Amino acid sequence: MVDALGVAVVGFGWMGRVHTQAYSRVRHHYPQLALRPELVTVAEEVPGRAEEAAAQFGFATAVRDWREVAADPRIGAVSITAPNFLHREIGVAMAEAGKHIWIEKPVGLTAADAGAVADAVAKAGVQGTVGFNYRNAPAVEAARELIASGELGAVTHVRVRLFSDYAAHPEGALTWRYERERGGSGVLGDLASHGADLARYLLGDIESLTADTAIFVPERARPTGATAGHTRASGGELGPVENEDYVNCLLRFATGARGVLEACRVSVGEQNNYGFEVHGTKGAVFWDFRRMNELGVSRGTAYQDQPVSTVYVGPGDGEFGAFQPGAANAMGYDDLKVIEAYRFLRSVAEGKPHGATLQDAVHSAAVLDAMARSAESGTWVNLAVS
């Protein structure tokens with residue numbers, strides 16, 4: 001017996017669309033799932049956008065006010081894909097209304113915001129999943145197992161990079177993403193949040209760090225209408241970019257390993273250059289999101305001049321088998337969100353978490369807050385290690 005679960009999507013920009021498509025696909029890949037998501041409501045304040053989404057994807061209801069979702073007894077689970085400054089308010093309200101939540105990162109503007117949503121989820125006894133999608137890549141899960149197995153020896157150092165050009169054009173519109181009040185941090189929340197999560201997912205807790213940030217495009221034109229994604233604007237009134245374009249950070253892990261985390265949203269020539277290199281005393285593992293289904297692996301006993309082999313992930317790695325029958329068949333970004341939807345719905349069905357949780361979001365947010373404090377003070381900042 002498969003139970004229906006009414007779901008809603010709050011905020012229908014690109015990420016709202018991705019969540020909706022994941023709900024629509026999830027049982028194609030996971031027919032054993034005990035829940036069948038039904039698209040009940042889409043909420044979006046931009047006039048006409050919710051109605052368009054309902055017509056295209058089959059939501060039963062389209063509304064402009066997300067509070068109608070919280071009050072709707074038909075809805076058991078909610079995707080929160082609205083702008084960052086709304087995440088805390090919506091997340092807390094949905095949890096208090098008894099709705100399970102799948103919320104995008106960053107969960108609010110600060111670690112306190114993430115903690116408030118986590119507390120509300122725990123108090124309400126609902127499930128909460130966070131959109132740290134890169135940890136869902138089968139190759140990343142395989143790398144984590146390889147590190148944990150000890151085949152690389154003791155991890156000595158890691159480099160995590162997240163370089164993108166989505167904000168590189170000087171005519172990129174001055175949307176909420178570039179404002180402190182509504183966007184909070186800049187590339188810290190947008191990209192470095194993934195880096196902080198990946199670093200902890202692979203190597204464990206971060207003990208201390210020091211960081212530096214910079215704004216390279218100091219002014220942008222204000223948009224004259226509703227925006228979605230990374231809209232261009234020219235000729236409008238110029239306003240200041242209030243949050244960082246770039247961050248670099250030195251990390252010290254509780255294990256004694258060292259790390260570098262670097263992220264930039266204005267890297268001309270870089271399109272989603274995300275990845276990591278983990279080095280140990282006996283080997284290394286490398287991952288590049290643009291070649292998502294491959295790992296570079298060096299292991300053996302040679303140490304010096306030890307070669308690196310390309311390993312293609314296959315059905316035995318992570319959730320690869322739910323999508324492809326054999327190694328080296330490609331998976332893509334949207335598949336990672338289907339995996340996330342599956343783990344969210346499985347959490348709801350079983351009453352216990354699967355995948356990234358609100359506590360993972362709290363840890364990531366604490367790292368981001370520490371980076372911001374370090375960049376301001378120019379000092380090392382210690383983190384509380386759980």
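Worth saying up front: this structure is predicted, and the values here are computed from it rather than measured.
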Give a yes or no on whether Phe289 and Phe132 share a hydrophobic cluster (residues Ile, Leu, Val, Met, Phe, Trp, Tyr; joining criterion: side-chain heavy atoms under 4.5 Å apart).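 Different clusters.
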
Between the side chain of [X] and the main-chain N/O of [Y], is any donor-acceptor distance below 3.5 Å?
X	Y	answer
Gln127	Val348	no
Glu219	Leu238	no
Ser364	Ser193	yes
Thr281	Ala154	yes
Ser24	Thr20	yes
His194	Tyr134	no
His87	Glu104	yes
Glu141	Pro138	no

Would you please test Arg252 and Glu207 for salt bridge (Lys or Arg N to Asp or Glu O under 4.0 Å) and show each step? CA-CA 6 Å; Arg252 291 175 180 164; Glu207 192 172 68; over 6 Å; no

Only one of Lys105, Arg135, His363 passes side-chain hydrogen bond (donor to acceptor under 3.5 Å, both in side chains) with Asp197; say which it is.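 Going through the options one by one, the only one that passes is Arg135.
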
Closest contact, heavy atoms only, [X] versus [Y]:
X	Y	answer
Val158	Leu203	CG1-CD1, 3.4 Å
Leu191	Ser164	CD1-CB, 4.1 Å
Lys99	Asp72	NZ-O, 2.6 Å
Ser347	Thr129	OG-OG1, 4.4 Å
Asn243	Arg177	ND2-O, 2.8 Å

Given Ile80, which partner from the list Val69, Val117, Ile101 fulfils the side chain to side chain contact (heavy atoms under 4.5 Å, CB included) test?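 For Ile80, the side chain to side chain contact (heavy atoms under 4.5 Å, CB included) check succeeds only for Ile101.
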
Geometric class of the Tyr246/Phe216 ring pair [parallel <30°, tilted 30-60°, perpendicular >60°]: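 Ring orientation of Phe216 relative to Tyr246: tilted.
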
More than 12 heavy atoms of other residues, nucleotides or ligands under 6.0 Å from CD of Gln324: yes or no?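 Enclosed: over 12 neighbouring heavy atoms sit under 6.0 Å from CD of Gln324.
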
ring-ring contact (aromatic ring centres under 6.0 Å, His included) assessment of Tyr201 paired with Trp287: CA-CA 14 Å; Tyr201 182 69; Trp287 180 69; over 10 Å; no

Close side-chain approach of Asp3 and Leu35, heavy atoms under 4.5 Å: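 In short, these two side chains touch, coming nearer than 4.5 Å.
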
Evaluate the salt bridge (Lys or Arg N to Asp or Glu O under 4.0 Å) criterion for residues Arg49 and Glu52: first the C-alpha distance (whole Å), next the side-chain angles of each, then the deciding distance (0.1 Å), finally the verdict. CA-CA 5 Å; Arg49 190 178 287 173; Glu52 291 175 4; over 6 Å; no

May I ask you to check whether Phe12 and Phe57 place their ring centres under 6.0 Å from each other?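 Ring centroids of Phe57 and Phe12 are less than 6.0 Å from each other.
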
Ring centers of His29, Phe323 separated by less than 6.0 Å: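 Yes, the ring centres sit under 6.0 Å apart.
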
Distance to the ring centre below 6.0 angstrom and angle to the axis at most 45 degrees; does that hold for Arg161 and Tyr274?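 No cation-pi geometry.
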
Is it the case that Arg220 places NZ or CZ above or below the six-membered ring of Tyr178, under 6.0 angstrom from the centre and within 45 degrees of the axis?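 Because its charged atom sits under 6.0 Å from the ring centre and within 45° of the axis, Arg220 does stack over Tyr178.
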
